[in-house]
Each structure stands twice: as structure tokens, then as C-alpha cells.
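Residues take their numbers from the sequence shown, with the count starting at 1.
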Amino acid sequence: MPTLLPSLDAVDRALLDALQKNGRATVGELAEQVSLSPSPCWRRVRQLEEAGLISGYHAHLDRHRVGYGVLGFVQIGLHNHTAEITAAFEREVLALPQVLSCHNLSGRYDYQLELVAPDLEFFAEFVRTRIRSLPGVREISTSFSLKEVKRTVALPVDR
């Protein structure tokens, strides 16, 4: 799929950057940041939304304050790579709220899950019972985050 990023002008990039930093910014605040009047600014934001470059606005929660003290990564090898098994695996993973992200990988493992849990006991039980029972799971390897150095969902738009 071709990227739309090169066709964006400096104002579009500035708007995307500003909205990634503060999705609650008012049109007036955005307009001031990008040196536009509010109406053209609003139209630009709507065009970016309609083009699919902006897919939503979200609140970022502090996982510790919400009660998730453990962040772990689970690498999974499947015993069978048929379309049916991988589709069933992915469908079930999508239904697990403890899974923050799931990536289909190249290399030794087929998938990597990023999980949160209130404590190690919950995490271990969840992996033993829920993750191990996912369709096609052959092998599991787990790592824990000792320190989160950086977390962002903001994409670089300034090139």
C-alpha cells in the first residue's frame, strides 16, 4: 500500500504532530500552533480524518495507577501454520483485554504478545491457562519488562 505521508504539506504534518501530542487540543489551539485561522484548520483536520490518517483519539492511561504492575512479552511458536489455525489464534487473541499488542513475527517465533497483569501470580496463571490454550500453540517463551524506557504511539511525521 503506498504511503500518503510524502503528499502531506508542512501544515498537515504540524497538525498531525500537534494532535499526537494533545488529542484534546481545540481547533483554536491547533490553528494558533500551525498559523491558520480556525475554519481552514478545522477543514484540514477533517480531511486528515477522512483520509484515514487520523484513526481516533484516545486517553493514555498509566498502567501502574490502573493496577497493572507487570508488563510482559510472550513469544509464541505455533505447531501448525494453516490459515484456519492462524485465523483462530488471532481471533482469540483479539478477545483478550490483557493483550495490549500482538505481532506476527519473522524468525524463531510466530507471534509476540505484550501483556499486562496486576502481579506475577496472575501473569503466570494467565499464560499457563489462557495463552497455552490458544489454537495451535506449540512453544511459549516469556520475558518481563524490568524498566520501561520509552512508550509512545506517536509516529514521526516531520521526516
What residue pairs, at least two apart or across chains, pass ring pair (Phe, Tyr, Trp, His ring centres under 6.0 Å) with a residue in residues 9-33?
none
Taken in chain and number order and not counting sequence neighbours, the residues that satisfy salt bridge (Lys or Arg N to Asp or Glu O under 4.0 Å) with D119 are none
Between R132 and T129, do the side chains contain a donor N or O and an acceptor N or O under 3.5 Å apart?
no
Could you go step by step and tell me if D17 and K21 meet the salt bridge (Lys or Arg N to Asp or Glu O under 4.0 Å) rule?
CA-CA 6 Å; D17 189 49; K21 289 176 181 167; 3.0 Å; yes
Please say whether more than 12 non-hydrogen atoms of neighbouring residues, nucleotides or ligands are located less than 6.0 Å from CD in E32.
no
Output, in order, the C-alpha distance, side-chain angles, deciding distance and verdict of side-chain contact (heavy atoms from CB on, under 4.5 Å) for V127 and L115.
CA-CA 10 Å; V127 170; L115 303 177; 4.1 Å; yes
Contact list for residues 128-150, test ring pair (Phe, Tyr, Trp, His ring centres under 6.0 Å), sequence neighbours left out
F123-F144
For R138, does the CZ atom have more than 12 heavy-atom neighbours from other residues, nucleotides or ligands under 6.0 Å away?
yes
Only one of D12, L16, L19 passes side chain to side chain contact (heavy atoms under 4.5 Å, CB included) with V45, and that residue is L19
Check which hydrophobic residues are tied to V27 through side-chain heavy-atom contacts below 4.5 Å, counting indirect links as well, and list them.
W42
In the single-linkage hydrophobic clustering (I, L, V, M, F, W, Y; side-chain heavy atoms under 4.5 Å), do F122 and L71 co-cluster?
no
Please indicate whether E121 has more than 12 foreign heavy atoms, meaning atoms of other residues, nucleotides or ligands, lying under 6.0 Å from its CD.
no
So ring pair (Phe, Tyr, Trp, His ring centres under 6.0 Å) across residues 73-101, not counting sequence neighbours, yields F89-Y111
Nonpolar side-chain network containing L105, other nodes, edges under 4.5 Å
Y109
Give, for atom CD of E92 and atom CZ of R130, the distance between the pair rounded to the nearest 0.5 Å.
5.0 Å
Take a 6.0 Å sphere around OH of Y68 and say whether it holds more than 12 heavy atoms from other residues, nucleotides or ligands.
no
